K.L.:
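Dumping the structure here so I can ask a few things about it.
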4 protein chains.
Amino acid sequence: MAIEQAGRFRESTKRSKTEAAIKAAARRVLARDGYHNAKISDIAEEAGKAIGSFYQYFRNKEELLLALAEEFRIAVQDNIGAPSGIELDPFDNLRGVVRAFWRAYREHGAVAVAVFQAAMVNESFADMWRQIRAQGIRIASLRIRLAQRRGYCQGVDPEVASSVLCSMVEFSCYNWVVANGDLELLNRNIDDSELVETLTKMVVGAIRWREDAGH
Amino acid sequence: MAIEQAGRFRESTKRSKTEAAIKAAARRVLARDGYHNAKISDIAEEAGKAIGSFYQYFRNKEELLLALAEEFRIAVQDNIGAPSGIELDPFDNLRGVVRAFWRAYREHGAVAVAVFQAAMVNESFADMWRQIRAQGIRIASLRIRLAQRRGYCQGVDPEVASSVLCSMVEFSCYNWVVANGDLELLNRNIDDSELVETLTKMVVGAIRWREDAGH
Amino acid sequence: MAIEQAGRFRESTKRSKTEAAIKAAARRVLARDGYHNAKISDIAEEAGKAIGSFYQYFRNKEELLLALAEEFRIAVQDNIGAPSGIELDPFDNLRGVVRAFWRAYREHGAVAVAVFQAAMVNESFADMWRQIRAQGIRIASLRIRLAQRRGYCQGVDPEVASSVLCSMVEFSCYNWVVANGDLELLNRNIDDSELVETLTKMVVGAIRWREDAGH
Amino acid sequence: MAIEQAGRFRESTKRSKTEAAIKAAARRVLARDGYHNAKISDIAEEAGKAIGSFYQYFRNKEELLLALAEEFRIAVQDNIGAPSGIELDPFDNLRGVVRAFWRAYREHGAVAVAVFQAAMVNESFADMWRQIRAQGIRIASLRIRLAQRRGYCQGVDPEVASSVLCSMVEFSCYNWVVANGDLELLNRNIDDSELVETLTKMVVGAIRWREDAGH
DNA sequence: CATGAATGAGACTTCATTCAT
DNA sequence: AATGAATGAAGTCTCATTCAT
């Protein structure tokens, strides 16, 4: 029985090893070629496996991306979710969220972009994309309401403002993290921390204003 | 000679008529199907022309998009660039830019998105995309420098801040204008003017802050 | 205008020529390899066309067979339908039907068999097959009712008897016409007319009996 | 030695158990999906065995079907062949044969159909099919000769007539037994015994006629 | 013997592009 | 210039078969 268990264990290890190899290869190919240019055969080759092996684990490219996206979603949640003490100052809290998002993007950016690309062409990914965004918008809108109770950013709809906030963070990360974003443009060496710092300040600024503040 | 000129005129008119028909059809198909799903044959059919006619005017889909993008760039410039009196208050000025961008996006959104999609897959479009962004970043960074001279948003790099600003505007527009952005999410009837209003307030807020402002 | 018409005529001629070439090639390949072994590429090659040309005319193998089957159905109708004077002696009439069916099978056998093969695997062809059979059963059952009114084959259901009759004719034709049926078995030179003659006699015999006839 | 024998016995029992499970599963899958759609993996799964186990007992799908077909042939022989008292009236005798065939078909129809399907595509199965038919034709031709000696069905070749007879029986059984034959068509509840009864009457009628019988 | 992951040949299908009319 | 049939490269996916455990 010990042998049988060992056998099973070894087998399932082999199975998950191959799957992991394919996923890892997929992330690399996705990062390199983008979702639309990523061919199954390239992914298999990158993984050092036969094409058929891909289909042992995923029905097609969509299902693969679905699996990767799930991992991304979990990563974001793990980074953001847990310590988001609502008891904190809403601005400090937002700073934490931005940093967490940036970190997740740094690691899983290729997948996030791939989902985004797929969403442009495929309705089920468009849905997933909206879900992910909705999650972010909900989180941010809570902070905005808190800020409003303290007298800030009066007269704007919290969800709309939250949508803007998310766009700001997401797309900044996209343009900085993903292939040759604006950094090349800026032609200067600006390190991660400065980017996040500035982004955070502006996120906070975008909701920490009062109508009556003089110019 | 008069006849010849008339002939040429008629010819070029006819030529540009077919070309215009194809471009118009392309815009519709792009809006409907996205760049990657837009087939040459679909565009030709939508234009009521034969496939061969497409190749009479464009070498391939890229060239077509290049032409459309050029029109988009001009439209944005016409709306924003020229008369943007730098003499104005930088915040009022930014408000104008945001509104202009929104208007351009409303009209040419499909093309903008198509260029964006193409940029994810094709290096030459990625370059074009960066150019377009650079244009926007340069414009915004001027306003930020002005604001900084008045004591606002000290301690941030104007180009980085400008990059964030552009991301905020572009991606908000993207998510609102393009197919079922966040609006569906919000599940509420929010009209254009409120969206732009909020976006503008936040854009301004994002740079109109002082470190010493108490909570 | 004459030129335009000529052009159109020439073009449409070209179009239908290619389609006809593919259909003819398909019939040959179907006869040679059977439905399941017939590859699109083989058909295209046999027609001297590129694979892509096949798809210009048929969405897939099913649609091709559908078209061929329609021609078969029409051929059978043309051979049988028209002169089936119900005023004739029912037995003479049946003889004519058998001969007509045999002739149709001789010419379109490969298609008939292909439909039959496809019907074993594909529900929509199974339906078509049942339709074709139903047509035959209806025709035969009329003759059987006539025969019954004259006192023959009492006590059997006309539709069931008709089903048997059709099976007899169809499957005899199948086994004789299609690749090396029973003829090889018989190892003798038996010509068409004797086969049809015997088949006809037995078809007639199968319904021209009376219960009271002594052994 | 006793132990060794016991071991062998147990082994061979186990062996045949797995083999039997696969065969039984194959019959079910064949009935459900047809020969061409029946995948090895489906059969293995249906048997609750691993794919590899299939190859322990059969070299491929053909060999499996060969084995099943052999069982079918034996079943038909057992039902018909052996004790078919030639001393009986040839018509009574034919009735018995028809009933026997119908019974065999009812039980092993799926295999018979599978062999038939395979014969359409595969020369070695075509051979087997002809052998099986030849067997039936030989049996029936004997009865026909007997009938001819008594003055019936003069002027027809006994083998050809026998071929027709076999086609009638086989294909009627096929159309009635196999998925949604003509029964659906008839749209009526007709039970087995009536079908066999009618089939038998017509088989007999098909050879029990005299040229001189008046209309 | 049993297992089932790995393999890759082979079939299908799409679509950008060409070219003869 | 306009047309659209013809083309075939390239990608997707299936499934019989092998082989290491």
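Everything numeric in this text was worked out from a predicted model, so none of it was measured. Letters A, B, ... are given to chains in the order of the sequence lines, protein chains preceding strands, and every chain is numbered from 1.
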K.L.:
Mind calculating the distance between OH (D/Y57) and C1' (F/dA16) to the nearest angstrom?
P.N.:
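In whole Å, F/dA16 C1' and D/Y57 OH are 20 Å from each other.
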
K.L.:
For A/R59 and F/dT14, what is the distance between atoms CZ and P respectively, to the nearest whole Å?
P.N.:
9 Å

K.L.:
Base, sugar-phosphate alone, or nothing: which one does B/I51 contact when heavy atoms must sit under 4.0 Å apart?
P.N.:
base

K.L.:
Over how many whole Å does the gap from C/E19 atom CD to F/dA6 atom P extend?
P.N.:
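In whole Å, F/dA6 P lies 10 Å from C/E19 CD.
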
K.L.:
If each of A/G48 and C/S41 is mapped to the nucleotide of DNA chain E with the nearest heavy atom, which maps nearer the 5' terminus, i.e. the 5' end?
P.N.:
A/G48

K.L.:
I need the minimum non-hydrogen distance between A/V115 and A/A69, along with the two atoms involved.
P.N.:
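Here A/V115 and A/A69 meet closest at CG2-CB, 3.7 Å.
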
K.L.:
Applying the Watson-Crick and G-U wobble criteria at under 3.5 Å, what pairs with F/dT18? Answer none if nothing qualifies.
P.N.:
E/dA5

K.L.:
Can you measure B/F58 atom CZ to F/dA1 atom C1' for me and round it to whole angstrom units?
P.N.:
15 Å

K.L.:
Per the side chain to side chain donor-acceptor pair (under 3.5 Å) rule, which among B/E71, B/E46, B/H108 passes with B/R27?
P.N.:
B/E71

K.L.:
Closer than 4.0 angstrom, basic N to acidic O: yes or no for D/E123 and D/R130?
P.N.:
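Judged by the 4.0 Å cut-off on N to carboxylate O distance, D/E123 and D/R130 do form a salt bridge.
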
K.L.:
Separation of D/I22 atom CD1 from E/dC1 atom C1', in whole Å?
P.N.:
11 Å

K.L.:
Can a cation-pi geometry be assigned to A/K49 and A/F54, taking NZ or CZ under 6.0 Å from the six-membered ring centre and within 45° of the ring axis?
P.N.:
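Cation-pi check for A/K49 and A/F54: fails.
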
K.L.:
Would you compute the distance between atom CZ of C/F58 and atom CD1 of C/I40 and round it to the nearest 0.5 angstrom?
P.N.:
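So the CZ of C/F58 and the CD1 of C/I40 are separated by 10.0 Å.
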
K.L.:
So what does C/K61 touch, heavy atoms closer than 4.0 Å: a base, only the sugar-phosphate, or nothing?
P.N.:
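Answer is nothing: C/K61 stays at 4.0 Å or more from every strand.
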
K.L.:
Given F/dC13, E/dT3, E/dG8, which nucleotide is nearest the side-chain atoms of D/S53?
P.N.:
E/dT3

K.L.:
Checking base pairs now: Watson-Crick or wobble, both atom distances under 3.5 Å. What partners F/dA10?
P.N.:
E/dT13

K.L.:
Given atom CZ of B/F54 and atom C1' of E/dC15, what is their separation to the nearest angstrom?
P.N.:
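Value for this atom pair: 13 Å.
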
K.L.:
Measure from CD1 on D/I43 to P on F/dC15 and round the result to the nearest Å.
P.N.:
13 Å

K.L.:
Answer yes or no: are there more than 12 heavy-atom neighbours, outside A/E45 itself, under 6.0 Å from its atom CD?
P.N.:
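Counting neighbours around CD of A/E45, 12 or fewer heavy atoms of other residues, nucleotides or ligands fall under 6.0 Å, so no.
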
K.L.:
Quick one: which of F/dT7, E/dA2, E/dA6 gets closest to the side chain of D/Q56?
P.N.:
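The closest nucleotide is E/dA2.
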
K.L.:
Are D/T18 and E/dC1 close enough that a side-chain N or O sits under 4.0 Å from OP1 or OP2?
P.N.:
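So the side-chain polar atoms of D/T18 never come under 4.0 Å of the phosphate oxygens OP1 or OP2 of E/dC1.
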
K.L.:
Nearest to the side chain of C/N60 - E/dT13, E/dA16, E/dA6?
P.N.:
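Nearest listed nucleotide: E/dT13.
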
K.L.:
For the side chain of B/I40, counting heavy atoms from C-beta on, which of E/dA16, F/dC13, E/dT7 is nearest?
P.N.:
E/dA16

K.L.:
Could you please name the option among F/dC13, E/dT3, E/dA16 that lies closest to any side-chain atom of B/K39?
P.N.:
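Looking only at heavy atoms from C-beta outward on B/K39, the closest nucleotide is E/dA16.
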
K.L.:
Which nucleotide in the set E/dT3, F/dA6, E/dG8 lies at the smallest distance from any side-chain heavy atom of D/K49?
P.N.:
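Nearest nucleotide to the side chain: E/dT3.
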
K.L.:
Just how far, in rounded Å, is P of E/dA16 from CD of B/E45?
P.N.:
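Interatomic distance, CD of B/E45 to P of E/dA16: 13 Å.
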
K.L.:
Just compare E/dT13, E/dT18, F/dA16 and give me whichever is closest to any side-chain atom of B/Y55.
P.N.:
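So the side chain of B/Y55 is nearest to E/dT18.
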
